[in-house]
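These notes are about the structure you will find just below.
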Amino acid sequence: MASSSSEDDIPLMKRKKQVKNEHKGRSYSPRSAEQTPDPTQARSKSVIGEDESSDEEMPLAKRANSKSNGKHIKSEDSSDDDNVPLVSHWKHAFACIIIRLLTKKKKKYIGKESQTREKAAYSWKSSLYLQTKKRPAPKVEDSSDDEKPLAKVRKDIKKVPKVKAEDEKKVVKKQTKKVEEEEAEAQYKWWEQGNEDDGSTKWNELEHNGVLFPPAYEPHGIKMKYDGKPISLSPEAEEVASFFAALIETDHGKNPVFQKNFFSDWQEILKKDDKNPKISNFEKCDFRPMFEHFEIEKERKKQLTKAEKQQIKEEKTKVEEPYLYAIVDGRKEKVGNFRIEPPGLFRGRGDHPKTGRLKRRVMPEQVTLNLGENAPIPKPLPGHKWGGVVHIHEATWLASWKENINGTIKYVFLAATSSWKGQSDMQKFEKARELKKHVNRIRKDYSQQLNDKLMETRQRATAMYLIDKLALRAGNEKGDDEADTVGCCSLRYEHVTLEPPNTLVFDFLGKDSIRYHNSVTVEPQVFKNIKIFKKQVGPDNMIFDRLTTMSLNKHLSSYMKGLTAKVFRTYNASHTFQEQLDKLTREDDSVNDKLLSYNRANREVAILCNHQRSVSKNHGQMIAKIEDKIRAMKYQRKRLRRQIIQLDPKMKKSKMEEMQVESDLEDEWIEEHQKDLLVKEREKITTKFEKNNEKLVSEGQAALPEKELKEKLKAVDEMEKEMKREKQSGQIELKSNATVDKLLAQITKLDERIKATKNQALDKEEGKETALSTSKLNYIDPRISALWCKKHNVPVEKVFSKTLRDKFQWAMEVDDNWVSWSTVGLGPLILVAN
DNA sequence: GCCACAACTTAGCAGGGTGATT
DNA sequence: AATCACCCTGCTAAGTTGTGGC
């Protein structure tokens, strides 16, 4: 049955999707040096495939599912789209602005009057916390009325720091602290307000001070060498050379693609100024003088006194000040990344074809500001103009610009603590919680559809299984000019291997070129499906050849509004966390042990989501150090046991046995260890002696003679002799007051310390490549943590840093009745019966 | 029906700050 | 007080999702 059914499985239309990228060798190290030096050469490889009709022949369009159901699932709000045209491009935007300006007052509220009224009222109510005098009751209809008080409010806010700046440091410090506290108290608690978000208009009034540009380049004049000779460069060429020089010792700087891309962009810059020398060979470039200069500068920076450092910091905060906050509908909100990204070399991850290219300096002409119609327009850099000013009420960004490497748009948004971010964060978790209600049905459906006749349905069901079970990402297709990474829908033949009877081995590079390597036992039908799909598409091709993230998400949204592949990840993560936390937490544990459980649960989630971090360079050393520490303690213990035997021969049998159990104390090691102990002891005594002398001299007294030191070191010599004697006789010299009980007590203490250190090592080893922070920040519902802390008397500060507490303010006050994640619904990893 | 674009979330890394340890 | 490991934060790259125009 199993084999014959595969005939039916083959769809009517047999299509192939050739991979656009060349098949890259499996090199999982993102920085591996084995790149093809010439990308044009590499690219030509892509045609090599057993299928002659490769990419060019097979337009992507063909892949599309022809079964357009025509049922355009659109949200209800689309009906009033015409009210607020979505500006897709700032050039277009100008036209819109004009229209808007002309029709503003009326247009704003047409068709959404009631909603907007509510919203406006609500935002006025909440603006109380602005620490300003009470305002007159709002007149919703007339927006121009808002204008004056708003501007005034803005000024008031600004005035506060200005006044302070005139006073001296201490005052400033104290007051800023005060202001911060006040701000914290006055936080706008949007989560206590009614639900108002209609999802389209995000603001009525928006003011901010634009963006902060990086300082102009200041040439350092350090001459790099070309062909062994020092060369002088134009400031611009020097700047770009410096970008590279700073990286020569890093993995980027050693990456041939990075070098090549940098070099060709640099050559373009060099050509701009005739005075620059002709530089045609990368090999002849010596960036080391610049590199060393930067190292010295770094060192100098470190050496600055506390006061100097403080001053630099203060100057920095002063410059930043105007950009820190925006005013949204009368509320002060923190801005996130108000700094324009400085120029530099693009540090693409993994095998990014464009890594090393020059990321050019951004000028005001490239920057578009999103502001309220009534807001004052911040001043651009002197002698410059803004690229544009738009009033997109549907968007939350404050400024944007296009970056020159990939042509993507960069945005300035509000900070994570803002109500916009907080609201959408909460919505995300609410959506995931809502999935609980539907997940059973969804699982039942896809389980059935695993052997659907229609290939597309079957692929979709299989993909859903993987997304649900393994928390894979959706996996959009990527272009030639990006690193070759995949997610669920874009998995290729070589990324999944079959291990009968029903184990799949996943091995691919995911987001950020992080390797996903996992061996999973799956439903027999899933195994069978992957086998069929693979057979059909052949090597180098996408396994789900008639599935796109779009079609998948469209299907998902038919189950639940807003359901997409990504929601499963959030759902799985939070659910797993709650489940693990419940399982691991013991009521009578100490706070420390509870935290251990918390972190373990967190780690489970991080593993599920494959959140990795690079193992720190000296991780091995660190572990070795800990192991050495353990061995040293064991050695101590061994000696204690010996002493017991010496004191009481009756104990011999049991203690000897105990000693036998631990056999990783080799004689060789002991000898090394003893030598080490002696060396360290001598060092200790010597440095102590020297320091004491320095002190004496500085106090105007005479230094102690060398003799004194020798005298002191004699004690160590004595130790050494003692060790030798001990080795020869096997007898340890006992302290006069030693008793068996005392020694036993010491052993118990050592036992504990050894155990603790072992745990520490284990914990470090386990966690060396798992990053807990990403899941904590993005996937685990913070209310679970808040509630857990409350319930188990663990201070929240132990699990959330200050920034996290700020970000998750909305979650900090969950009441005990909040229905937690585990109480309803099924876990993510439960296998669905066929 | 596809693609490009837009907007927003998610991600790891570098480097600085901080707190523990000696 | 110095040192060191580690934690936090800022940065920006790299995803996902939605939309509109051709």
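Checking A/Ala474 against A/Glu403, the closest nucleotide of DNA chain C that is more toward the 5' end is the one next to A/Glu403. Projected onto DNA chain B by closest heavy-atom contact, A/Lys302 and A/Ile409 fall at different nucleotides, the more 5' of which corresponds to A/Ile409. DNA chain C is contacted by both A/Arg347 and A/Arg473; A/Arg347 maps to the nucleotide lying nearer its 5′ end (nearest heavy atom per residue). If you find the closest nucleotide of DNA chain B to A/Ala395 and to A/Ser773, the one lying nearer the 5' end belongs to A/Ala395.
The distance between atom CD of A/Glu482 and atom C1' of C/dG15, rounded to the nearest whole Å, is 10 Å. We find that OH of A/Tyr411 is positioned 17 Å from P of B/dT10, with the value rounded to whole Å. Rounded to an integer number of Å, the gap from CH2 of A/Trp401 to C1' of B/dC5 is 18 Å. Rounded to a whole Å, the CZ atom of A/Arg349 is 6 Å from the P atom of C/dA14. In this structure, A/Leu247 atom CG and B/dA14 atom P are separated by 10 Å, rounded to whole Å. For the pair A/Trp397 CH2 and C/dG18 C1', the interatomic distance rounds to 17 Å; values are reported in whole Å. Here the C1' atom of nucleotide B/dA7 and the CG atom of A/Asn370 are 12 Å apart, to the nearest Å. In this structure, A/Lys478 places its NZ atom 12 Å from C1' of C/dT16, rounding to the nearest Å.
Closest to the side chain of A/Tyr779, from the set C/dT17, B/dG12, B/dT10, is B/dT10. Set against C/dT12, B/dA6, B/dA11, the side chain of A/Pro342 has C/dT12 as its closest nucleotide. Closest to the side chain of A/Lys566, out of C/dT19, B/dT9, B/dG12, is B/dT9. For A/Asn476, counting side-chain heavy atoms from C-beta on, the closest listed nucleotide (B/dT9, C/dA13, C/dT17) is C/dT17. Of the candidates B/dG12, C/dT17, B/dC8, B/dC8 carries the atom nearest the A/Lys202 side chain, counting heavy atoms from C-beta on. Here the nucleotide nearest the side chain of A/Phe413, chosen from B/dA11, C/dT12, B/dA7, is B/dA7. The nucleotide whose nearest atom lies closest to any side-chain atom of A/Lys428 is, among C/dA13, C/dA14, B/dT10, B/dT10. Candidate nucleotides C/dT16, C/dA13, C/dA14 were compared by shortest atom distance to the side chain of A/Glu341, and C/dA13 ranks first.
Taking the six-membered ring where tryptophan is involved, the planes of A/Tyr323 and A/Phe338 are essentially parallel, since the angle between them stays under 30° and well short of 60°.
For A/Arg360, the salt bridge (Lys or Arg N to Asp or Glu O under 4.0 Å) test picks out no residue, with sequence neighbours left out. Every residue meeting the salt bridge (Lys or Arg N to Asp or Glu O under 4.0 Å) condition with A/Arg433, not counting sequence neighbours, appears here in chain and number order: A/Glu430. For the salt bridge (Lys or Arg N to Asp or Glu O under 4.0 Å) test, residues two or more places apart in sequence or in another chain that qualify with A/Lys410 are A/Glu341. By the salt bridge (Lys or Arg N to Asp or Glu O under 4.0 Å) test, A/Lys802 pairs with A/Asp806, sequence neighbours left out. Judged as a ring pair (Phe, Tyr, Trp, His ring centres under 6.0 Å), and not counting sequence neighbours, the contacts of A/Tyr598 are A/Phe577, A/Trp788.
In this structure, A/Ser424 reaches the sugar-phosphate backbone alone: every heavy-atom distance under 4.0 Å involves primed, P, OP1 or OP2 atoms, never a base. Contact annotation for A/Thr396: backbone-only contact, meaning every heavy-atom pair under 4.0 Å involves sugar-phosphate atoms and none involves a base. Backbone-only engagement by A/Gly348 is indicated by non-hydrogen atom pairs under 4.0 Å involving sugar-phosphate atoms exclusively.
By the 4.5 Å heavy-atom criterion applied to side chains, A/Ile514 and A/Thr485 are not counted as neighbours. Considering only heavy atoms from C-beta on, A/Leu547 stays 4.5 Å or farther from A/Glu456 through its side chain.
Residue side chain A/Lys511 reaches the base of B/dT10 through a donor-acceptor N/O pair under 3.5 Å, judged by distance alone.
Between A/Lys410 and the phosphate of C/dT12, there is no side-chain N or O to OP1/OP2 separation shorter than 4.0 Å. OP1 or OP2 of B/dA14 has not a single side-chain nitrogen or oxygen of A/His252 nearer than 4.0 Å. Residue A/Lys359 places at least one side-chain N or O closer than 4.0 Å to OP1 or OP2 of C/dA13.
Listed for the A/Thr355 side chain is no donor-acceptor partner under 3.5 Å among the backbone atoms of A/His352.
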Short N/O separations, protein against nucleotides 17-21 of chain B, under 3.5 angstrom:
none

